[in-house]
Number of protein chains: 2
Amino acid sequence: MSAGHRQGRRMTTIYDVARMAEVSTSTVSRVLNGHSSVDPDLAARVRQAMLDLDYRPNAVARSLRRQRTSLWAVIISDIGNPFFTSLVRGIEDVAQEAGFSVVLCNGDEDPDKETRYVTAALAERMAGVIISPSGRPSLINRLTETGMPVVAIDRQPRGVAVDTVLVDNVHGAEMATAHLVDSGYRRIACITGPRRISTAVQRLRGYQQALRAAGRTVTEDLVRYADFREDGGYRAMASLLDAAEPPDAVFVTNNLMTVGAVECLLDSEVVVPTQCGVVGFDDIPWAHLVRPSLSTVTQPTYDLGRAAASLLTERITNPAKASSTVTLRTALQVRESSVRAVGPPDAQPADGGPGAAPTRSPGVEDTCPAITARRHRTGAPAPRARRASRP
Amino acid sequence: MSAGHRQGRRMTTIYDVARMAEVSTSTVSRVLNGHSSVDPDLAARVRQAMLDLDYRPNAVARSLRRQRTSLWAVIISDIGNPFFTSLVRGIEDVAQEAGFSVVLCNGDEDPDKETRYVTAALAERMAGVIISPSGRPSLINRLTETGMPVVAIDRQPRGVAVDTVLVDNVHGAEMATAHLVDSGYRRIACITGPRRISTAVQRLRGYQQALRAAGRTVTEDLVRYADFREDGGYRAMASLLDAAEPPDAVFVTNNLMTVGAVECLLDSEVVVPTQCGVVGFDDIPWAHLVRPSLSTVTQPTYDLGRAAASLLTERITNPAKASSTVTLRTALQVRESSVRAVGPPDAQPADGGPGAAPTRSPGVEDTCPAITARRHRTGAPAPRARRASRP
DNA sequence: CTGTTAGCGCTTTCAA
DNA sequence: TTGAAAGCGCTAACAG
């Protein structure tokens with residue numbers, strides 16, 4: 001009840017503006033929306049009145065009338081995962097050009113939370129949704145069924161026709177695993193995510209394929225399924241170390257679990273990379289600060305965001321078009337954690353140079369040349385300064 | 001124009017439900033809002049009709065009619081700063097209890113972006129705003145002037161009466177600096193943020209006070225003002241090292257700049273903590289993974305979020321109440337980067353135990369006993385396991 | 001307890 | 001080019 005008198009005074013409306021400018025509300029509305037067919041004099045009077053009255057348009061009323069809003073909901077699976085930082089920037093940059101505002105919803109790898117935000121996006125009649133689904137395909141269905149424009153990002157929803165932006169997970173995992181093989185590791189383990197999540201499955205598959213290609217035996221003994229979080233990675237690594245024959249290298253399929261795995265190795269006094277090599281999937285910020293610095297499969301996160309946003313704008317303007325999947329390339333970034341031989345890892349081409357991705361998968365659409373992927377803020381500090389001061 | 005026929009079919013409304021259930025729209029509305037005064041039979045019929053028609057309430061229409069929404073905007077200054085991760089969780093948990101949904105807006109330390117989101121929050125008539133202002137006090141004014149419930153977080157807006165949640169910045173900085181003094185460092189520098197931001201000023205003041213209390217001379221030569229970002233920290237550190245008399249320790253007033261400063265030290269081959277001690281303000285995730293692990297002043301981020309959300313709910317229910325400021329305690333977390341003597345840093349009480357904060361400032365309101373501050377996910381993995389495996 | 005009815009603030013035909 | 005008027009879907013008096 002107390003909420004009723006929340007905003008003491010009534011907000012000023014286009015009626016107030018119309019009265020002051022001595023025009024009709026339609027004219028005010030036309031000025032507001034930049035319709036050209038308004039007499040310059042009237043338009044000026046209207047604008048002045050808006051200023052005088054400190055008029056603030058009511059987007060709620062507008063949305064109700066127009067049956068659409070100018071808000072996108074971006075439902076991410078874990079706000080704590082740095083993966084989403086530049087992804088969101090990519091989305092925002094495109095959204096702004098297209099006249100949309102972006103609001104983030106933190107799904108937190110929690111199906112209930114995710115459901116709540118999907119419900120909210122639906123109820124608020126948002127203009128579109130970009131979602132990194134943490135499971136439950138029915139959620140995506142709930143969105144698409146109502147005609148809500150949706151783009152799935154990072155993870156492939158099962159059995160739903162929806163625009164999707166992914167990276168070449170299998171190929172990235174192959175590169176990582178092949179690199180460990182090449183570095184001379186013998187028993188290479190894999191810590192992957194929940195079976196219901198496509199990235200977990202695909203990255204595991206890449207690992208297995210690379211092993212097979214190298215003539216190694218592929219065994220489930222060296223595979224652990226965790227939860228894509230730090231704890232999970234820690235425990236999975238602990239479990240691997242407890243095994244009868246522990247691995248001498250591990251490929252971890254996401255950034256947070258990689259951190260957990262390395263912590264476990266540190267705590268167990270297993271020396272990286274000598275006693276155990278490590279390659280992670282997806283960078284962490286400050287990967288080069290960590291000792292030993294972490295080798296990772298890097299993703300063009302900013303461009304993932306841009307690609308998703310582009311798909312969403314297309315979907316909004318043309319709801320009938322067939323849904324499509326965009327796949328971007330990953331690159332292997334070799335740092336210290338996967339190189340046994342003492343010496344600078346710089347010898348290996350990094351940053352997705354031509355040598356880093358020799359086996360580009362067929363059908364991969366390259367919307368993002370590596371050169372643009374790196375142009376944007378990625379959390380790496382002043383590279384000139386760093387390189388300059390390095391002998 | 002194409003957007004007009006976006007959602008092919010018209011959405012079902014309470015009229016459709018009313019017709020099917022053979023009641024009036026008011027009854028449907030009452031059922032929807034859980035008003036108790038509805039005949040159970042009718043209510044059941046209504047609910048069944050809603051199910052049959054797959055009815056989705058239109059929050060836009062409801063908001064327009066009720067003159068308020070159930071959305072909070074949380075405008076954070078940098079989505080890439082891990083500081084905000086558990087802060088947001090704290091906000092969300094309280095918001096949910098109070099029946100609000102939280103949307104995040106990424107101000108990105110960019111006044112234009114921040115302005116856009118404030119405008120959006122105003123236009124969308126959000127129920128409230130929690131903001132970590134990156135400057136411009138006028139922005140907060142724009143919010144409060146319209147009667148929008150607002151809580152400022154982390155940073156004290158200048159000259160505006162608004163509910164605020166802070167930490168004891170001066171005290172935290174004093175602890176950090178005093179600790180460096182005690183560790184035997186002689187020339188202790190400070191890298192702080194922009195002068196317009198309260199935290200930068202207060203943490204610098206704490207540094208100066210501690211120096212003075214220790215009988216050291218306080219000189220501007222050892223102070224650098226950067227931008228609270230990683231690059232800034234890197235460059236400020238480089239500038240300190242270039243000075244005629246470089247420092248042998250540095251207190252850095254935020255997490256991102258600490259990372260930058262350490263990178264600079266690494267690149268310059270200055271050994272931490274032997275040649276240069278480092279203490280940062282605010283933790284980074286994986287601070288213990290970084291070699292040397294970083295000593296930091298830790299903030300109860302989750303509880304900061306909870307406190308802000310509580311203030312906001314109070315403000316919403318009672319717009320007339322006087323605005324207040326809640327200050328939470330920080331704690332010094334000593335790790336390797338600030339301890340010259342070789343040996344385990346564990347000797348020092350960590351985690352804000354009673355010994356860590358002996359000089360608690362007067363007037364500090366302790367809404368968050370340290371024990372609750374740690375109960376929640378802070379990104380630290382399975383502590384039991386870690387401690388168990390450490391000798 | 002239930003229904004009728006009048007808007008919330010805005011956009012958009014339709015007529016002038 | 002401008003204005004009058006009809007709603008968008010919902011809630012909340014007010015009557016019954």
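Keep in mind the model is a prediction, meaning the values are calculated, not measured. In what follows, chains are A, B, ... by sequence order, proteins preceding strands, each numbered from 1.
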S.K.: Rounded to the nearest Å, what distance is computed from the CG atom of residue B:N58 to the C1' atom of nucleotide D:dC10?
M.R.: 8 Å
S.K.: Take atom OH of B:Y15 and atom C1' of C:dT5, then tell me their distance rounded to the nearest Å.
M.R.: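 After rounding, the reported distance stands at 9 Å.
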S.K.: When all nucleic acid strands are considered with a 4.0 Å heavy-atom cut-off, which category describes A:V38: base, sugar-phosphate, or nothing?
M.R.: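 Counting heavy atoms under 4.0 Å across all strands, the contact made by A:V38 is with sugar-phosphate only.
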S.K.: Taking only the side-chain heavy atoms of B:S24 (C-beta and beyond), determine which of D:dC8, D:dT11, C:dT4 contains the nearest atom.
M.R.: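 Among D:dC8, D:dT11, C:dT4, the one nearest the side chain of B:S24 is C:dT4.
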S.K.: Give the rounded distance in Å between these two atoms: CZ of B:R68 and P of C:dG9.
M.R.: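 Result: 14 Å.
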S.K.: Measure CZ/B:R65 against C1'/C:dC10 and give the value in whole Å, please.
M.R.: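 The distance from CZ of B:R65 to C1' of C:dC10 comes to 16 Å, rounded to the nearest Å.
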S.K.: Using a cut-off of 4.0 Å on non-hydrogen atoms, how would the nucleic acid contact of A:V28 be classed: base, sugar-phosphate, or nothing?
M.R.: nothing
S.K.: Among D:dG3, D:dA12, D:dG9, which nucleotide sits nearest the side chain of A:Q67?
M.R.: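 Closest of the options to the side chain of A:Q67: D:dG9.
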S.K.: Please report the distance, rounded to the nearest Å, between CZ in A:R66 and P in C:dT13.
M.R.: 12 Å
S.K.: Could you tell me whether the side chain of A:R30 has a donor or acceptor atom within less than 3.5 Å of a complementary atom in the base of D:dG3?
M.R.: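 Such a pair exists between side chain and base.
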S.K.: Determine whether the side chains of A:T301 and A:S86 contain a donor N or O and an acceptor N or O closer than 3.5 Å.
M.R.: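 On atom types as modelled, these side chains qualify, holding a pair under 3.5 Å.
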S.K.: Find the distance A:R45:CZ to D:dT2:C1' and express it as a whole number of Å.
M.R.: 12 Å
S.K.: Please name the residue in the list A:V28, A:D16, A:V17, A:V46 that meets the side-chain contact (heavy atoms from CB on, under 4.5 Å) test with A:Y55.
M.R.: A:V17
S.K.: Under 4.0 Å between a side-chain N/O of A:T13 and OP1 or OP2 of C:dG9, yes or no?
M.R.: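 Negative; the distance criterion is not met.
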S.K.: Name the closest nucleotide to the A:A61 side chain, picking from C:dG9, C:dT12, C:dT2.
M.R.: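 Given the options C:dG9, C:dT12, C:dT2, the side chain of A:A61 is closest to C:dG9.
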S.K.: Phosphate oxygens OP1/OP2 of D:dT2: is one of them under 4.0 Å from a side-chain N or O of A:S37?
M.R.: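 No, because none of the side-chain N or O atoms of A:S37 sits under 4.0 Å from OP1 or OP2 of D:dT2.
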S.K.: Measure from CZ on A:R62 to P on C:dC8 and round the result to the nearest Å.
M.R.: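 Distance check: A:R62 CZ to C:dC8 P gives 19 Å.
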S.K.: Report, as yes or no, whether the 6.0 Å neighbourhood of atom CD on B:E97 holds more than 12 heavy atoms from other residues, nucleotides or ligands.
M.R.: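 Correct, the count exceeds 12.
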S.K.: Nearest-Å distance, CG (B:L64) to P (C:dG9)?
M.R.: 7 Å
S.K.: Identify, between B:I14 and A:S26, the residue whose nearest nucleotide on DNA chain D lies closer to the 5' end.
M.R.: A:S26
S.K.: Run the side chain to side chain donor-acceptor pair (under 3.5 Å) check on B:D52 and B:Q48 step by step: do they pass?
M.R.: CA-CA 6 Å; B:D52 290 349; B:Q48 188 56 50; 2.9 Å; yes
